[in-house]
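When a ligand or atom number is given, it counts from 1 through the structure's own listing order. Side chains included, hydrogens not; waters and symmetry mates left out as well; all remaining heavy atoms used. If you read the sequence from its start, that first residue is 1, and numbering goes on from there.
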Amino acid sequence: MKNVLVTGGAGFIGSNFVHYLLKTEPEVNIINLDALTYAGSQENLKDLPTRGSYTFVDGNICDRSLVSSLLKQYAIDTIVHFAAESHVDRSIAGPEPFIQTNIVGTFTLLEAARKFWLDEKGVSGQEVRFQHVSTDEVYGSLNPDESAFSETTPYAPNSPYAASKASSDHVARSYAHTYNLPLTITNCSNNYGPRQFPEKLIPLIILNALEGKKLPVYGDGQQIRDWLFVEDHCEAILAVLKKGTAGETYNIGGENQPTNLSIVQTICDLLDEFKPDPSISPRRSLIDFVTDRPGHDRRYAMNIQKIRKTLGWQPKHTLQDGLRETVQWYLSNTQWVAAIRTQQEYQQWLTQNYTKRETKR
Ligand code: NAD
Ligand code: TYD
């Protein structure tokens, strides 16, 4: 791993990965290709470690000639593919960009890698690696008594987002199987931590609760997610890049499965502790049960035995510690918060997604 193309490195997980990689592997050259959609921001890439080499390219993964020329120009040997449309509610409101970026964009990258690495350079499996970053949502929804998702759980994606990620996983898998493209797939559970765009549950609740706004909980709030601190995800990806076997899939998760309601309550309590405000505390009183998400998956849980046993990775952060660190990050990074909050597109999204949701109880 010397010249690494990171796609989507201005988004939440991608930017955390760029920070993490420059910190832990300072001899690598990182090329960050990102289209800077609403979810990507240069704010996420401020204060990068000065060690290592880093280049930003403002461009789209669907642009085949750009992708091909980057592979050649920078002699890319490793691709870590994060770029995606990533929010389920937006995929319900408008699925088209999900099909374009997540399916066509992934195909474009795979095809460019196949042509450059296998056809032009004739490299061996040891020299190059394509790491496709995916989600647990491809497996569908679990009933309360069902076992956690493993790498052999059949795919059953329920939202347009999950279906687009599942499609991209299948295309990626076919490139490993048919062409022997040296490729790994990771399916990870819900991430949280610094730099997450506040359309997702945890940062949305932190920012609303800080301002004394209502805290929208969909349906009965008893849905379950498996939460992983983002730096643990970055560490898992690096373990897969270094020690993972080409052609394999690895599930990554946090091994904790609280209900959405309990996550929201914990955030309220943390903010009451860090930022007591008699006019809005206790912040639990701001919780508002609203119209549910259509087709809302009830429960996700990850079985991480494979990555634990074969690569020796396991999460380092407990949910309690990770949430404390996350809430403190949003409290300390006021400039980041102000830049995102004032984004017109973000305000439009809040209006579009929340004004029609009725309070249910
Ligand atoms: P994000 O929405 O925060 O960031 C996505 C980034 O991709 C943004 O910087 C955006 O500008 C960029 N992008 C979007 N379309 C692009 C295009 N066509 N060309 C180039 N860049 C483009 O997403 P995230 O939460 O950081 O997720 C990153 C990856 O991890 C995604 O593939 C997602 O499916 C996967 N994942 C996310 C989670 C999670 O909890 N957030 C969990 C498991 C897997
Ligand atoms: P989200 O962060 O959007 O991630 P995902 O849908 O990929 O799991 O949502 C996490 C959970 O929180 C999910 O069950 C939906 C729920 N949720 C709310 O209850 N209210 C909200 O305002 C949002 C954004 C999500």
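Close contacts between ligand 1 and Tyr161 involve ligand atoms 33 (C), 34 (O) [criterion: under 4.0 Å to a heavy atom]. If you number the atoms of ligand 1 from 1 as listed, the ones under 4.0 Å from a heavy atom of Gly40 come out as 8 (C), 9 (O), 11 (O). Residue Gly59 approaches ligand 1 through these ligand atoms, each under 4.0 Å from one of its heavy atoms: 19 (N), 20 (C). Each of the atoms 30 (O), 32 (O) of ligand 1 lies under 4.0 Å from some heavy atom of Val133. For ligand 1 and Asn190, the ligand atoms under 4.0 Å from any heavy atom of the residue are 40 (O). Every atom of ligand 1 is numbered from 1 in the order shown, and the set under 4.0 Å from a heavy atom of Ser86 is 1 (P), 2 (O), 23 (O), 25 (O).
When Asn32, Asp34, Ile61 are checked for heavy-atom proximity to atom 19 (N) of ligand 1, Ile61 turns out nearest. The heavy atom nearest to atom 27 (O) of ligand 1, considering only Val230, Thr106, Ile13, Leu36, is found in Ile13. Of the options Gly8, Ala84, Ala83, Ala35, the smallest heavy-atom separation from atom 14 (C) of ligand 1 is shown by Ala84.
Residue Thr37 has at least one nitrogen or oxygen atom sitting less than 3.5 Å from a nitrogen or oxygen atom of ligand 1, judged on distance alone. Where the criterion is an N or O separation shorter than 3.5 Å, residue side chain and backbone included, Phe82 meets it with respect to ligand 1. For ligand 1, the polar-atom distance check finds no N/O of His81 at less than 3.5 Å from any of the ligand's N/O atoms. For the pair Asn191 and ligand 1, the shortest N or O to N or O distance falls below 3.5 Å. Residue Thr101 places at least one N or O, backbone or side chain, under 3.5 Å from an N or O of ligand 1. By the 3.5 Å distance cut-off applied to N or O atoms, Lys165 is counted among the residues near ligand 1. Below 3.5 Å of separation, one finds an N or O of Asn60 facing an N or O of ligand 1.
The residues Lys165 and Glu85 are annotated as not salt-bridged, no charged nitrogen and carboxylate oxygen being separated by less than 4.0 angstrom. Using a 4.0 Å cut-off between a side-chain N of Lys or Arg and a carboxylate O of Asp or Glu, Asp89 and Arg293 qualify as a salt bridge. Under the 4.0 Å criterion applied to side-chain N and carboxylate O atoms, Arg225 and Glu137 are not assigned as salt-bridge partners. Salt-bridge formation is not detected for the pair Arg283/Glu211: no Lys NZ or Arg NE/NH1/NH2 atom is positioned less than 4.0 Å from an Asp or Glu carboxylate oxygen. Using a cutoff of 4.0 Å between basic side-chain nitrogens and carboxylate oxygens, Lys121 and Glu127 are not scored as salt-bridged.
Applying the ring pair (Phe, Tyr, Trp, His ring centres under 6.0 Å) test to every pair with at least one member in residues 283-326, sequence neighbours left out, gives these pairs: Phe229-His317. Residue pairs meeting the ring pair (Phe, Tyr, Trp, His ring centres under 6.0 Å) criterion with at least one member in residues 341-361, sequence neighbours excluded: His87-Trp349, Phe197-Tyr346.
For the pair Asn303/Thr153, no side-chain contact is recorded, criterion being any heavy-atom separation below 4.5 Å from C-beta on.
If you check which protein heavy atom lies closest to atom 44 (C) of ligand 1, you get Ser134 O, 3.1 Å. Given atom 25 (O) of ligand 1, the protein heavy atom at minimum distance is Phe12 CD2, 3.7 Å. From the protein, the heavy atom lying nearest to atom 4 (O) of ligand 1 is Gly11 CA, 3.4 Å. Protein heavy atom at the shortest distance from atom 43 (C) of ligand 1 is Cys188 O, 3.2 Å. Scanning all protein heavy atoms for the shortest distance to atom 42 (C) of ligand 1 gives Ser189 O, 3.2 Å.
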Practice problem: Could you please spell out the steps behind the ring-ring contact (aromatic ring centres under 6.0 Å, His included) verdict for His233 and Phe17? | Solution: CA-CA 9 Å; His233 187 186; Phe17 185 75; 8.7 Å; no
Evaluation steps, side-chain hydrogen bond (donor to acceptor under 3.5 Å, both in side chains), between Asp288 and Thr359
CA-CA 6 Å; Asp288 187 22; Thr359 297; 2.9 Å; yes
Step by step, would you call His81 with Thr106 a side-chain hydrogen bond (donor to acceptor under 3.5 Å, both in side chains)? CA-CA 8 Å; His81 174 34; Thr106 301; 2.9 Å; yes
Show, in sequence, the C-alpha distance, side-chain angles and deciding distance for Ile79 and Gln131, and conclude whether the side-chain contact (heavy atoms from CB on, under 4.5 Å) test is met.
CA-CA 6 Å; Ile79 299 174; Gln131 158 55 24; over 6 Å; no
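In this structure, CG in Leu270 is found 12.0 Å from CD in Glu325, a value given to the nearest 0.5 Å.
Using a 4.0 Å heavy-atom cutoff, Pro97 is absent from the residues neighbouring ligand 1.
Tyr179 carries Arg114 over the face of its six-membered ring, with the cationic atom under 6.0 Å from the centre and within 45° of the normal. Under a cutoff of 6.0 Å and an axis angle of 45°, Lys306 and Tyr250 form a cation-pi pair.
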Please tabulate, line by line, the atom pairs linking an N/O of ligand 2 to a protein N/O at a distance below 3.5 Å, with the distance in Å to 0.1, or answer 'none'.
residue, atom, partner, partner atom, Å
ligand 2, 2 (O), Leu201, N, 2.8
ligand 2, 3 (O), Arg293, NH2, 3.1
ligand 2, 4 (O), Asn190, ND2, 3.3
ligand 2, 6 (O), Arg293, NH1, 2.5
ligand 2, 6 (O), Arg293, NH2, 3.2
ligand 2, 7 (O), Glu137, OE2, 2.5
ligand 2, 8 (O), Asn190, ND2, 2.9
ligand 2, 8 (O), Arg225, NE, 2.7
ligand 2, 12 (O), Asn260, ND2, 3.3
ligand 2, 14 (O), Arg225, NH2, 3.1
ligand 2, 14 (O), Asn260, ND2, 2.8
ligand 2, 14 (O), His296, NE2, 2.7
ligand 2, 19 (O), Tyr218, N, 2.8
ligand 2, 20 (N), Pro216, O, 2.9
ligand 2, 22 (O), Tyr354, OH, 2.7

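Using cut-offs of 30° and 60° on the angle between ring planes, the pair Trp227 and Tyr192 is perpendicular.
For Glu345, the salt bridge (charged side-chain N to carboxylate O under 4.0 Å, His left out) partners are Arg90, not counting sequence neighbours.
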